Structures are given as C-alpha cells and as structure tokens.
Asks: 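Quick one: the structure is below, and I'll ask about it shortly.
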Amino acid sequence: MNSKTQYTQLIKDKAKRLGFLSCGVSKAEFLEQEAPRLEKWLNQNMHGEMKYMENHFDKRLDPTKLVEGSKSVVSLLLNYFPSAGQQDPEAPKISKYAYGTDYHFVIKDKLKQLLFFIQEEIGDVHGRAFVDSAPVLDKAWAAKSGLGWIGKNSNLLTRQVGSFYFIAELIIDLELEYDTPVTDHCGTCTACIDACPTQAIVEPYVVDGSKCISYFTIELKDEIPSGYKNKFDDWMFGCDVCQDVCPWNRFSKPHNEPLFNPKPELLEMSKKDWQEITQEVFSKIFQKSAVKRTKFSGLQRNIKFLGE
Ligand code: SF4
Ligand code: SF4
C-alpha cells in the first residue's frame, strides 16, 4: 500500500469513529460541470434574495482559490434522521434537520477533531473545515466523491440511507486517493416534483430556490408573498416534503447523535401552543438551535402565515 492509500484509509476510518455515515475524497480542482449550471441558476434569479450566493463565484467553483495550496476535498455525511416526529398532526412543522442543537456547532467540532487527527498521524497538513457554508458546493463535492447522486429534488441521495444527513468538507493540502461518482438511481420517478407544495422543482434536478418553502420560512426577511397563502402544507421552518416522499428515504435510519435530539417540548407542542408561543418559550425550546436564525419574530410571522 502506498502512503496515499494508507492516509486515505486512516482518514476514512477515523471519520467512521467520529460518527460520520461516510467519507469520500476528490481532487481539489475547478468544478467544470457545475460552473455553467450555477451561472444559469444565478442568472435566472433562482436564489431570490439570497444575495450571498452571488459572491465568491470563482472560489465556489475552485477550492484551490478558497484554500491556498489545497489538494483534496474530503466530504463527510452526518445522519440527522430523528427517531420520532412532532406529535400533533396539525401542529406547524419544523424540518427534521433543525430538531436539535445547531448542526454547525456539532459538525465543526467533529471536523476539527478529524483535522487534528490528520495532523497528529500524518504530519504538517493545513486545511479548513466547512459546514453548509456558502462558498462550497457541498452536494457537488459529495457526489464527485462517490457518496451519493444528486436527485431530481437536488438533494444528495444514497441507496443505503436516503438523504436525511448533513454534508460537510475538509479542504486540505494533502494528496489522497480519489473516489469516483456513483450512478443516478432516480430513474423514471417524479415523486418529489409531483409533491412539492409550491412547484419549486421547476424541472428535474432544478429547484427554484426563490419558490421553495425553506427559502420563504428561513431566508426571506420581508413578508411572504400572499400568493403562497395555504400552499405551505403547514411548514413553519424549512420543508421536508421532497425528501419525505422520496422512495430512497424508506432506508433512513435514526441517528445516534445525542445533540441532535430535540427538547421533548418541541415534539409535544400542539397547534394551539405554537400559535400562542411566547419569546420565553421560544428561547427555551430553541436554545442553541438553528431555528434561532429566524428569530422569534420570524417564526411568529411564519406561524401567522399558515393561518388558523
Ligand atoms: S423543500 Fe419543499 S418547497 Fe422546497 S423544493 Fe422541496 S418540497 Fe418543494
Ligand atoms: S423522489 Fe424520486 S425523482 Fe425525486 S429525488 Fe427521490 S428518487 Fe429522485
């Protein structure tokens, strides 16, 4: 075994021990196939008011511009599929990824441990950790590294565990053994396109971000356009519809990360409890949660928009 193969194996084994579902590696280079797609998507204004998506166009497509001297992109998946959901079927819904502690903290910590391990075991390796961070096209890297394929709903999918996981990367200046992409297994299925409550999947593999419930409930700072009234299928923070209907998510298995467990009250709250939520309850339930991103006023706006 040469050192590249050995180092790659060491990193993948450590990633497993840290609790990641899987780990794949790609050469850090310009994402040639993604460049025209990203440009078209931005030109059609499918990012809505997420203006940060327009920044760092070159850096997004080329990790060597983001991390000087980088050689490899190590992609990692971390499962967040919960073992239980909200109890009241009429309660406004929260996307499963946001049930527990903000994933940025949980994953950053694991990535730091992985980088520290690489430096201890392999030597003077430099790099940076990224979690759902604007300058990195995480799904494209994960797909290039063979961790799954990008489905018609634009999520990364695996035959083994579906799509309910976070994607993160380490970009490092160490050459490794590179993985190859897997084939697309969407086939003739169109379940996600048919089920999307706002018709945001405008064609297979293209989600118009500016029509997506996740965008309206999390990113949009202004009023939600009235034309979308009664179209949110009760989602108040994010939306899981195109993942819930995906046949590959029959294979999702509950995570074993205690920090991703929600506070019990979150699952127990009824529709009425949510409609009457106070700042105090919000702060208690969503302490350290990604839901804080909307602030109390944002969540209230979303709940009101869903109506009685
Ligand atoms: S997250 Fe919801 S609104 Fe957005 S594309 Fe998927 S189903 Fe449609
Ligand atoms: S629902 Fe069907 S088309 Fe959509 S991502 Fe899943 S397998 Fe692909």
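The structure displayed is predicted, hence computed values, not measured ones. In what follows, every heavy atom counts, from backbone to side chain, and hydrogens, waters and symmetry copies are set aside.
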Asks: Evaluate side-chain contact (heavy atoms from CB on, under 4.5 Å) for Arg293 paired with Glu219, printing each intermediate quantity in order.
Replies: CA-CA 9 Å; Arg293 193 154 160 206; Glu219 305 282 347; 3.0 Å; yes
Asks: What do the steps show when you test Glu54 against Lys51 for side-chain contact (heavy atoms from CB on, under 4.5 Å), and what is the final call?
Replies: CA-CA 6 Å; Glu54 293 166 19; Lys51 295 294 172 211; 3.4 Å; yes
Asks: Among Val136, Asp102, Ile107, which residue meets the side chain to side chain contact (heavy atoms under 4.5 Å, CB included) test with Val131?
Replies: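 The option that passes is Ile107.
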Asks: Got a donor-acceptor contact below 3.5 angstrom from the Lys14 side chain to the Leu115 backbone?
Replies: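 No, Lys14 side chain to Leu115 backbone: no donor-acceptor pair under 3.5 Å.
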Asks: Tell me the closest heavy-atom pair linking Cys242 and Asn155, and the distance in Å.
Replies: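 Scanning both residues completely, I find the closest heavy atoms to be SG-ND2, 4.1 Å.
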Asks: Looking at every heavy atom in both Gly162 and Asn249, which two are closest together, and how far apart are they?
Replies: CA-OD1, 3.1 Å
Asks: Check whether the side chains of Ser95 and Asp240 place a donor and an acceptor atom closer than 3.5 Å, and report yes or no.
Replies: yes
Asks: Taking only residues two or more places apart in sequence or in another chain, which ones pass salt bridge (charged side-chain N to carboxylate O under 4.0 Å, His left out) with Asp194?
Replies: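 So Asp194 forms no salt bridge (charged side-chain N to carboxylate O under 4.0 Å, His left out) with any residue.
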Asks: Residues in ring pair (Phe, Tyr, Trp, His ring centres under 6.0 Å) with Phe117, at least two apart?
Replies: none
Asks: Scan for ring pair (Phe, Tyr, Trp, His ring centres under 6.0 Å) pairs involving residues 199-222, sequence neighbours excluded, and state none if there are none.
Replies: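 Counting only pairs at least two positions apart or across chains, the ring pair (Phe, Tyr, Trp, His ring centres under 6.0 Å) contacts touching residues 199-222 are Phe216-Tyr228, Phe216-Phe232.
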Asks: Please identify each residue that fulfils side chain to side chain contact (heavy atoms under 4.5 Å, CB included) with Ile122, with sequence neighbours left out.
Replies: Tyr7, Leu10, Ile11, Ile118, Val125, Leu174
Asks: List for me each residue that meets salt bridge (charged side-chain N to carboxylate O under 4.0 Å, His left out) alongside Lys221, sequence neighbours excluded, and say none if there are none.
Replies: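 Here no residue qualifies.
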Asks: Donor-acceptor pair, Arg301 side chain versus Phe296 backbone, under 3.5 Å?
Replies: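 No, Arg301 side chain to Phe296 backbone: no donor-acceptor pair under 3.5 Å.
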Asks: Given 3.5 Å as the limit, does a donor-acceptor pair link the side chain of Lys110 with the main chain of Leu18, or not?
Replies: yes
Asks: Which residues pass the side chain to side chain contact (heavy atoms under 4.5 Å, CB included) test with Lys295, sequence neighbours left out?
Replies: Ser297
Asks: Can you list everything that forms a side chain to side chain contact (heavy atoms under 4.5 Å, CB included) with Thr8? Sequence neighbours excluded, please.
Replies: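 Here the qualifying residues are Lys12, Val25, Leu176, Glu177.
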Asks: Considering only NZ, NE, NH1 and NH2 on the basic side and carboxylate oxygens on the acidic side, decide whether Asp88 and Lys272 come within less than 4.0 Å.
Replies: no
Asks: May I have all residue pairs that pass ring pair (Phe, Tyr, Trp, His ring centres under 6.0 Å) and include part of residues 182-201, sequence neighbours excluded?
Replies: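 Sorted result for residues 182-201: Trp149-His185.
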Asks: So, the side chain of Trp41 versus the backbone of Val207: is there a donor-acceptor pair under 3.5 Å, distance only?
Replies: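 Yes; judged by distance alone, with no hydrogens or angles, the pair exists.
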Asks: Tell me whether Lys96 is salt-bridged to Asp244, with the criterion being a basic N under 4.0 Å from an acidic carboxylate O.
Replies: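 Yes, Lys96 and Asp244 are salt-bridged.
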Asks: If only atom types and distance count, is the side chain of Asp173 paired as donor or acceptor with the main-chain N or O of Lys71 below 3.5 Å?
Replies: no
Asks: Tell me, please, which residues at least two apart from Asp62 pass salt bridge (charged side-chain N to carboxylate O under 4.0 Å, His left out).
Replies: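 Testing Asp62 for salt bridge (charged side-chain N to carboxylate O under 4.0 Å, His left out), a comparison that skips the adjacent residues, returns Lys65.
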Asks: Just checking Lys27: does its NZ atom have more than 12 heavy atoms from other residues, nucleotides or ligands closer to it than 6.0 angstrom?
Replies: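 No, because the 6.0 Å sphere around NZ of Lys27 holds 12 heavy atoms or fewer from other groups.
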Asks: Please list every donor-acceptor pair under 3.5 Å in which a side-chain atom of residues 76-86 meets a protein atom from a residue at least two apart or in another chain.
Replies:
from, atom 1, to, atom 2, distance (Å)
Asn79, OD1, Phe81, N, 3.0
Asn79, ND2, Lys253, O, 2.7
Gln86, OE1, Ile94, N, 3.0
Gln86, NE2, Pro92, O, 2.9

Asks: Grab the two heavy atoms, one from Ile167 and one from Lys139, that are nearest each other, plus how far apart they are.
Replies: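 Result for this residue pair: CD1-CG, 3.6 Å.
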Asks: For Lys112, what residues pass the salt bridge (charged side-chain N to carboxylate O under 4.0 Å, His left out) criterion, not counting sequence neighbours?
Replies: none
Asks: For a quick test of your reading: what N or O donor-acceptor pairs under 3.5 Å do the side chains of residues 280-287 make, sequence neighbours left out?
Replies:
from, atom 1, to, atom 2, distance (Å)
Ser283, OG, Gln279, O, 2.9
Ser283, OG, Gln279, NE2, 3.2
Lys284, NZ, Glu265, OE2, 2.9

